[in-house]
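In what follows, every chain begins at residue 1, and chains take the letters A, B, ... in the order their sequences are listed.
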There are 2 protein chains.
Amino acid sequence: MNHIDTKERILDAAEHLFARDGFHRTSLRAITGEARVNLAAVHYHFGSKEALLDAIFERRLDPMNRSRRESLEALVESARRKGERPAVRDALRAFILPALSLAEGGGGDFMTLVGRTFAEPDDALRGLFMSRMQPLFLLLFETVAEALPALSRETLFGRLQFALGAMGHTMCRRGRFSILPEGISPTGDPAAQAEALIHFVAAGLEAP
Amino acid sequence: MNHIDTKERILDAAEHLFARDGFHRTSLRAITGEARVNLAAVHYHFGSKEALLDAIFERRLDPMNRSRRESLEALVESARRKGERPAVRDALRAFILPALSLAEGGGGDFMTLVGRTFAEPDDALRGLFMSRMQPLFLLLFETVAEALPALSRETLFGRLQFALGAMGHTMCRRGRFSILPEGISPTGDPAAQAEALIHFVAAGLEAP
DNA sequence: GTCTATACGATGATAGAC
DNA sequence: GTCTATCATCGTATAGAC
């Protein structure tokens, strides 16, 4: 009867260790050790190490993306009612703020894991993440296309790739900077950093 | 007497396979198989799988970064002589064009590997790359700081992180797009894509 | 249905013969 | 310098206890 506890304990331990050490460097034995379950429980409940990662995504990403979708659709609808175009910044905010909320509400490990997986060299792992993100990326693309009708779809697509790269890298590093010029102590405020990111990306997308 | 050939053959095979399959998914046995050398030769010549990756970086990254450094220093010097400020776009070009040249001149595998490592979740691997890049990143920071004196150093540092994220992600993916909206067939011209990237990033850095 | 014990092939690393 | 042999550890698979 404690199979739910077992699954949740495995998910919690794996989320924490995958975020801290990366997928490939985390062994199933480390996960089952931290979760205090048997090694074979992972394969019984999830099937494989990769499927365990997928289950982590399912648990947190799907609800977060539903919230993002609702915000984006409300933004487009509201702009249409007023006969205006949606603002690029509002579209970016609808995409970024749910991630910020999750990160500040105890889901910091997960957001680090998301950023790492978006930048993942291993296409099999990246595919797990991207297949859940693709519909939302397409919606973001169409929303920004409405906001910036002067850009060709090809140009906008290229710029959105750059924008996602900047956003993914920011989420992935989450304040862990590798290079620090003399006298720089970066702000630790995630909300301010999110606004700076939105400002940067919006300027790039809106470039002539 | 063929130890030089052995080292070079291992480096070539490892560069190719690390770029194609990623570091963790490439086994030493696959590398030594392709290079047609004994498994233990890797540890004799390089010491470990990680040290092999580091040797790959040393072989290509150090010459490329010397070229970047010369371009950046020439840019700053030329602007000072004319009593002007360097242009953000020129600084970005000095940084990006050597990578583009290498990619188009047969070093495509290496540039893919660089992009992958910049986005690498494993801090040990990422550190190998970052320690070689740090001096150049600092020079890029100081150059852009001269180009944009109105920005505080904290603001500029944050924006440069976003910019490096966009650049790294672009190099990492190198035309392999995961999401393609209806009717989009992205340009395959690397030079045009590099200019679009410079345009995007410059707009973000120069935002008010 | 849940969970455990145990074993399998492959991996990175190492020691020592030549 | 090069090679063979060997090691601990990895993800995975399965048989069987409760």
Can you name the side chain to side chain contact (heavy atoms under 4.5 Å, CB included) partners of A:E77, sequence neighbours left out?
A:R81
Cation-pi, B:F46 ring and B:K7 (6.0 angstrom, 45 degrees)
yes
Could you tell me if B:R132 sits above the aromatic ring of B:F57, with its cationic atom closer than 6.0 Å to the ring centre and no more than 45 degrees from the axis?
no
Integer-rounded Å distance: [N] [atom2] and [X] [atom1]:
{"X": "B:I31", "N": "C:dA10", "atom1": "CD1", "atom2": "C1'", "value": "15 Å"}
{"X": "B:F23", "N": "C:dT11", "atom1": "CZ", "atom2": "P", "value": "14 Å"}
{"X": "B:R36", "N": "D:dC3", "atom1": "CZ", "atom2": "P", "value": "12 Å"}
{"X": "B:R25", "N": "C:dT11", "atom1": "CZ", "atom2": "C1'", "value": "14 Å"}
{"X": "B:L125", "N": "C:dG12", "atom1": "CG", "atom2": "C1'", "value": "14 Å"}
{"X": "A:F46", "N": "C:dC3", "atom1": "CZ", "atom2": "C1'", "value": "14 Å"}
{"X": "B:D5", "N": "D:dG1", "atom1": "CG", "atom2": "P", "value": "12 Å"}

Side-chain donor-acceptor pair under 3.5 Å between A:R89 and A:H199, yes or no?
yes
Using 4.0 Å as the upper bound for N to carboxylate O, is an ion pair formed by A:R59 and A:E15?
yes
B:E195 and B:R93 ion-paired at < 4.0 Å
yes
Hey, does the side chain of [X] come within less than 4.0 Å of [N]'s phosphate (OP1/OP2), counting only N and O?
{"X": "A:Y44", "N": "C:dT2", "value": "yes"}
{"X": "A:N38", "N": "C:dA5", "value": "yes"}
{"X": "B:S27", "N": "C:dA10", "value": "no"}
{"X": "A:H45", "N": "C:dG1", "value": "no"}

Go through it in stages, so that I can follow the logic: the residues are B:F118 and B:H169, the test is ring pair (Phe, Tyr, Trp, His ring centres under 6.0 Å), and I'd like the CA-CA distance, side-chain angles, deciding distance and then a yes or no.
CA-CA 8 Å; B:F118 178 64; B:H169 184 252; over 10 Å; no
By the 4.0 Å heavy-atom rule, please label A:T26 as base, sugar-phosphate, or nothing.
sugar-phosphate
Could you list all N or O pairs between the protein and nucleotides 13-18 of chain C that sit under 3.5 Å apart?
| residue | atom | partner | partner atom | Å |
| --- | --- | --- | --- | --- |
| C:dA13 | OP2 | B:H43 | NE2 | 3.0 |
| C:dA13 | OP2 | B:K49 | N | 3.0 |
| C:dA13 | O5' | B:H43 | NE2 | 3.4 |

